[in-house]
Amino acid sequence: QVRLVESGGGSVQAGGSLRLSCAVSGNTYSTYCMGWFRQAPGKERGLLATIYTGGGGTTYYADSVKGRFTISQDNAKKMLFLQMNSVKAEDTAMYYCAAELGWGRAPCSGGDPPPNRTRYWGQGTQVTVSS
């Protein structure tokens, strides 16, 4: 089983910075990619950033956070990070980390994973940005 625990959320003023962390434990040998999602009240959960564990750690960002947020990982420590800079009020949401385990060539996306992969979720950490 795989367990993910987020930390680092809290309150921050607009224009400020915050760093989220995600500790991963369990059998993560077949991890294909990891990512950060967020869900604001009344909205669906959406993908913010993805990092692939192989291939040099290729990253993907949603347009809404490109240039402001950075995803990174420390494989030795089994940690995933999200550095959030120049935050805005619309960044207020519950933030979740996710790990997708399995194989195949289909890219990691915000939708359901392909049949040969399984996605695991953390419990979420709240980020509130005040203007």
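All values below come from the heavy atoms of this structure, side chains included, with hydrogens, waters and symmetry mates left out.
Heavy atoms only, all atoms of each residue included: Arg38 and Val65 are closest at NH1-CG1, 4.2 Å.
Both tests hold for Arg19 against Phe81: distance to the six-membered ring centre under 6.0 Å, angle to the ring axis within 45°. Annotation: cation-pi pair Arg3/Tyr120 absent, no NZ/CZ under 6.0 Å from the ring centroid and within 45° of its normal.
Atom CG in Leu47 sits 11.5 Å away from atom OH in Tyr61 (nearest 0.5 Å). Distance OG1/Thr53 to CG/Leu80: 11.0 Å, rounded to 0.5 Å. Here the SG atom belonging to Cys108 is positioned 6.0 Å from the OH atom belonging to Tyr32, to the nearest 0.5 angstrom. Here the CD atom belonging to Glu6 is positioned 5.0 Å from the SG atom belonging to Cys22, to the nearest 0.5 angstrom. With values rounded to the nearest 0.5 angstrom, Thr59 atom OG1 is found 8.0 Å from Ile71 atom CD1. Atom OH of Tyr96 is separated from atom CG of Leu20 by 13.0 Å, given to the nearest 0.5 angstrom.
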**Prompt:** Going through the distances and angles, do Lys88 and Asp91 end up as a salt bridge (charged side-chain N to carboxylate O under 4.0 Å, His left out)?
**Reply:** CA-CA 5 Å; Lys88 306 174 183 178; Asp91 293 323; over 6 Å; no
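The only option from Arg68, Met84, Gln83 that meets the side chain to side chain contact (heavy atoms under 4.5 Å, CB included) definition with Ser17 turns out to be Gln83.
Side-chain N or O atoms of Asn27 include none that pairs as donor or acceptor with a backbone N or O of Gln1 at under 3.5 Å.
Side chains of Val2 and Leu101 form a contact here, defined as non-hydrogen atoms less than 4.5 Å apart.
Atom CG of Asp74 has more than 12 heavy atoms from other residues, nucleotides or ligands within 6.0 Å.
Close placement of the Phe37 and Trp121 rings is indicated, their centers lying within 6.0 Å of each other.
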